[in-house]
Amino acid sequence: MTLEEMLDRECIRRTLARYTTAGDRLRLEPFLSVFTEDAVLESEGVPEADAFRYQGRAQIAGWITRWTERADDAQAPTHAASFVRHHLSTSDVEFTAPDTARGRTYWTAYTDIGPDHGGYYLDIFRRCGDEWLIAHRRVRLDWRAQNSLFRTAISRSREV
């Protein structure tokens with residue numbers, strides 16, 4: 001492994017951490033900053049109620065904004081958790097060209113009940129200047145606790 005590859009891996013690791021922290025805190029600008037302008041964020045292999053697909057920063061922004069708007073209006077909140085913390089574990093990154101890489105990263109979301117749901121991300125990263133950004137993220141849901149506080153989160157975060 002070269003020094004440049006080690007630095008690129010660290011940049012990708014930082015992008016993963018920024019996505020997770022900003023998403024858990026529902027911070028719009030930091031969340032959007034980890035995506036390329038034409039990024040795709042979508043689910044894969046999930047029940048229809050959990051399916052979503054957003055393309056481009058504008059659509060992704062609309063989606064994450066709806067998570068906070070629902071919590072502030074008279075409708076039911078997007079989810080029933082008072083907090084959420086996604087924990088990333090195994091992450092395997094493979095460079096596919098000088099400016100692209102793909103990755104698979106396992107995650108578990110913790111809420112008030114403890115382990116709430118988990119799965120993995122399948123990513124395509126693209127070098128953009130000094131950063132590695134997410135060009136395409138597929139979110140897989142492997143399991144959900146029987147008493148998950150996120151059972152209706154995806155359906156409630158859709159456009160109405």
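No donor-acceptor distance shorter than 3.5 angstrom exists from the side chain of Ser148 to the backbone of Arg144, with no hydrogens or angles considered. Arg66 places a side-chain N or O within 3.5 Å of a backbone atom of Ser157 that can act as its donor or acceptor partner. Proximity of a side-chain donor or acceptor of Asp24 to a complementary backbone N or O of His86 within less than 3.5 Å is detected. Within the 3.5 Å criterion, the main-chain N or O of Val46 finds no donor-acceptor partner in the side chain of Ser43.
The environment of Arg53 atom CZ is dense: over 12 non-hydrogen atoms of other residues, nucleotides or ligands sit within 6.0 angstrom.
In this structure, Ile154 and Trp63 have side chains that are in contact, with non-hydrogen atoms separated by less than 4.5 Å. Using a 4.5 Å heavy-atom cutoff, the side chains of Leu133 and Phe125 are not in contact. A heavy-atom distance below 4.5 Å is not found between the side chains of Tyr120 and Thr105.
Of the charged side-chain nitrogens involved, at least one lies within less than 4.0 Å of a carboxylate oxygen, so that Glu37 and Arg57 count as a salt-bridged pair. Under the 4.0 Å criterion applied to side-chain N and carboxylate O atoms, Asp116 and Arg151 are not assigned as salt-bridge partners. The pair Asp123-Arg138 does not meet the salt-bridge criterion, since no charged nitrogen lies less than 4.0 angstrom from a carboxylate oxygen. The pair Arg104-Asp92 fails the salt-bridge criterion, with no side-chain N (NZ, NE, NH1 or NH2) lying under 4.0 Å from an Asp/Glu carboxylate O. Under a 4.0 Å N-O distance rule, the pair Glu5/Arg9 qualifies as a salt bridge.
For Tyr106 and Tyr121, the ring centers are positioned 6.0 Å apart or more. Close placement of the Phe95 and Trp132 rings is indicated, their centers lying within 6.0 Å of each other.
Defined by atom type and a distance below 3.5 Å, a donor-acceptor pair is present between the side-chain atoms of Arg18 and Ser33.
Here the closest non-hydrogen pair linking Phe83 and Tyr110 is CE1-O, 3.8 Å. Scanning all heavy atoms of the two residues, the minimum distance from Thr96 to Ala101 falls at OG1-N, 3.7 Å. For the pair Trp107 and Ala109, the tightest heavy-atom approach, listed with the atom from each and the gap, is CE3-N, 3.9 Å. For Ala81 against Asp112, the heavy-atom pair with the smallest separation is CA-OD1, 3.3 Å. For Arg126 against Ala135, the heavy-atom pair with the smallest separation is NH2-CB, 3.5 Å.
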task: Evaluate side-chain contact (heavy atoms from CB on, under 4.5 Å) for Phe31 paired with Ile60, printing each intermediate quantity in order.
output: CA-CA 9 Å; Phe31 188 77; Ile60 294 169; 3.7 Å; yes
message: As a quick check of understanding, evaluate side-chain contact (heavy atoms from CB on, under 4.5 Å) for Val40 and Tyr54, giving each step before the final call.
response: CA-CA 6 Å; Val40 174; Tyr54 302 102; over 6 Å; no
Test log, rule side-chain contact (heavy atoms from CB on, under 4.5 Å), inputs Thr2 and Met6: CA-CA 6 Å; Thr2 66; Met6 289 172 59; over 6 Å; no
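A side-chain contact (heavy atoms from CB on, under 4.5 Å) with Leu122 is found for exactly one of His136, Glu44, Arg102, namely Glu44.
Annotation: the span from Ile64 atom CD1 to Leu26 atom CG amounts to 5.0 Å, rounded to 0.5 Å. Atom CD of Glu10 is separated from atom OG1 of Thr15 by 10.0 Å, given to the nearest 0.5 angstrom. The line from OG of Ser89 to NE2 of His87 is 10.5 Å long, rounded to the nearest 0.5 Å. With rounding to the nearest 0.5 Å, the separation of CD in Glu131 from OG1 in Thr36 is 11.5 Å.
Both Leu28 and Phe52 belong to a common hydrophobic cluster when Ile, Leu, Val, Met, Phe, Trp and Tyr are linked at side-chain heavy-atom distances under 4.5 angstrom. By the rule that hydrophobic residues join a cluster once side-chain heavy atoms approach within less than 4.5 Å of another member, Leu16 and Leu32 end up as members of one cluster. Linking ILVMFWY residues whenever their side-chain heavy atoms come closer than 4.5 Å, directly or via other members, leaves Ile124 and Leu88 in distinct clusters.
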